Asker: 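Sharing a structure, written as structure tokens. Questions coming.
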Amino acid sequence: FDLVGAVMGTIALLSIVFGATQAASYGWASWAALGPLGAGLALLGLFLAHEHKRASAPLLPLSIFRRPGLSYASFLAFLMQGNYVAFQFVAVLYLRNVLGWSPFQSALSFAFGGGIVAIGATKFAKLGLRIGTVPLIAGGLFLQTLGFAWFMLLDTVPSLVLVTVLQFFIGLGFAMAFPSINIKGLTQTRESEHGLASGIVLSAFQIGGGIFLRLEDDAQLL
């Protein structure tokens, strides 16, 4: 077990996340943010060097990133979740501050899209295994883009219609793309690598959401 790599990787990620959260209070140019960020990035570099040269059973063998499907899926996961989380941040602000909806009403407005994902994701996963994942990924991202574009009509359509159509596009797009991206990440990996590959793709989803939300928050402040 790669105990050294596990400790180094965990502390590196915690330090980077802590630095990003400090930037919300003190700014990106402050030592409160730059110190943890710099330490985290340096430790991350050491972690990668350790995984590449020293670990006999590396926690994250870098050779896995030579699998084209995994790199492709991780990049799409990063972009997809990042855009969705940043959009969700703006949408909730609009519902609460402009339309005057309560926290419960604002949260409930996302239930329709969530229901579509819960019902449709497994069906689209099975379809992706039959016809291939690329059409479903492309179609899902296109539907999400349509949802974002529809939201731009927020001042010209009734709020209930706005939210219902929005959640239909985004929920259906997410149900199509999310399982397909995960499947794509595993298609060119060996069976023994499936657990690691799946973890990398899911981490890309989470990292994308965190980074895009951080950037969105900075944009709101500006």
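If you're wondering where the values come from, they're calculated on a predicted model, not measured in any experiment. Values below: every heavy atom of this structure, side chains too, minus hydrogens, waters and symmetry copies. Heads up: numbering here begins at 1 and tracks the sequence.
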Asker: Find out if a path of hydrophobic residues (ILVMFWY) with successive side-chain heavy-atom gaps under 4.5 Å connects Leu48 to Phe65.
Answerer: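 Per the 4.5 Å side-chain linkage, Leu48 and Phe65 are co-clustered.
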
Asker: How many angstroms lie between CG in Leu43 and NE2 in His50, if you round to the nearest 0.5 Å?
Answerer: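 Going from the CG atom of Leu43 to the NE2 atom of His50 covers 11.0 Å.
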
Asker: Look at the side chain of Ser109 and the backbone N and O of Ser106, then say whether any donor-acceptor pair between them is shorter than 3.5 Å.
Answerer: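 Yes, Ser109 side chain to Ser106 backbone: donor-acceptor pair under 3.5 Å.
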
Asker: Any side-chain heavy-atom pair from Tyr84 and Met80 closer than 4.5 angstrom?
Answerer: no

Asker: Could you tell me the separation between the CD1 atom of Ile116 and the CE atom of Met176, rounded to the nearest 0.5 Å?
Answerer: 12.0 Å

Asker: Step by step, would you call Trp101 with Leu108 a side chain to side chain contact (heavy atoms under 4.5 Å, CB included)?
Answerer: CA-CA 10 Å; Trp101 289 16; Leu108 189 62; over 6 Å; no

Asker: Any side-chain to backbone donor/acceptor pair from Tyr94 onto Leu154? Under 3.5 Å, distance only.
Answerer: yes

Asker: More than 12 foreign heavy atoms under 6.0 Å from NE2 of His194: is that the case here?
Answerer: yes

Asker: OG1/Thr145 to CG/Asn83 distance, rounded to the nearest 0.5 angstrom?
Answerer: 8.0 Å

Asker: With distance as the sole test, does Ser15 use its side chain to make a donor-acceptor pair with the main-chain N or O of Ile11 at under 3.5 Å?
Answerer: no

Asker: Please assess Leu95 against Val163 for the test side chain to side chain contact (heavy atoms under 4.5 Å, CB included), listing each intermediate value before the final yes or no.
Answerer: CA-CA 9 Å; Leu95 296 177; Val163 170; 4.0 Å; yes

Asker: Would you call the rings of Phe87 and Phe148 parallel, tilted or perpendicular if under 30° counts as parallel and over 60° as perpendicular?
Answerer: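 Tilted: the ring planes of Phe87 and Phe148 meet at 30° to 60°.
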
Asker: For residues Leu44 and Ile200: do they belong to one hydrophobic cluster (side chain heavy atoms under 4.5 Å, members Ile, Leu, Val, Met, Phe, Trp, Tyr)?
Answerer: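 In one cluster with Leu44: Ile200, yes.
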
Asker: CG/Leu166 to CZ/Phe112 distance, rounded to the nearest 0.5 angstrom?
Answerer: 10.5 Å

Asker: Using the side chain to side chain contact (heavy atoms under 4.5 Å, CB included) definition, which of the options Leu186, Asn182, Thr187, Ile181 pairs with Lys184?
Answerer: Thr187

Asker: Distance from Arg66 atom CZ to Gln188 atom CD, nearest 0.5 Å?
Answerer: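 One finds 14.5 Å between CZ of Arg66 and CD of Gln188.
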
Asker: Between Val98 and Phe151, is there a shared hydrophobic cluster once you connect ILVMFWY residues whose side-chain heavy atoms come closer than 4.5 Å?
Answerer: yes

Asker: What are the two closest non-hydrogen atoms of Gly120 and Ala175, and how far apart are they?
Answerer: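 Heavy atoms only, the tightest pair is C-CB, 4.1 Å.
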
Asker: Please assess Phe110 against Ile170 for the test side chain to side chain contact (heavy atoms under 4.5 Å, CB included), listing each intermediate value before the final yes or no.
Answerer: CA-CA 10 Å; Phe110 288 89; Ile170 292 183; over 6 Å; no

Asker: Looking only at non-hydrogen atoms, find the nearest pair between Pro179 and Phe174 and report the distance.
Answerer: CD-O, 3.9 Å

Asker: Just do the side chain to side chain contact (heavy atoms under 4.5 Å, CB included) check on Lys123 and Ile119 with the steps written out, would you?
Answerer: CA-CA 8 Å; Lys123 299 183 184 302; Ile119 296 171; 4.3 Å; yes

Asker: When the aromatic ring centroids of Phe178 and Phe124 are compared, is their separation below 6.0 Å?
Answerer: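 That pair fails the under 6.0 Å test.
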
Asker: Just so I know, are the side chains of Val165 and Val157 near enough to count as touching, which here means a heavy-atom distance under 4.5 Å?
Answerer: no

Asker: Please round to the nearest 0.5 Å and tell me the distance separating atom OG1 of Thr21 and atom CD1 of Ile16.
Answerer: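 Here the rounded value is 12.0 Å.
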
Asker: Any idea which heavy atoms bring Ser180 and Ile137 closest together, and the distance?
Answerer: CB-CG1, 3.5 Å

Asker: Under the salt bridge (Lys or Arg N to Asp or Glu O under 4.0 Å) definition, can you give me all pairs with a residue in residues 18-38, not counting sequence neighbours?
Answerer: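 Passing the test, one end in residues 18-38: no pairs.
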
Asker: Taking all non-hydrogen atoms of both residues into account, name the closest pair between Ser74 and Ala204 and its distance.
Answerer: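 Nearest heavy atoms, Ser74 then Ala204: O-CB, 3.3 Å.
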
Asker: Testing the basics here: between Ala29 and Leu34, what is the closest heavy-atom pair and its distance to 0.1 Å?
Answerer: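 That would be O-CD1, 3.5 Å.
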
Asker: Report whether Leu141 and Ile183 are members of the same hydrophobic cluster (ILVMFWY, side-chain heavy atoms less than 4.5 Å apart, transitive linking).
Answerer: no

Asker: Do you reckon Phe142 sits in the same ILVMFWY cluster as Leu172, going by side-chain contacts under 4.5 Å, direct or chained?
Answerer: yes

Asker: Grab the two heavy atoms, one from Gly185 and one from Val201, that are nearest each other, plus how far apart they are.
Answerer: CA-CG2, 4.2 Å

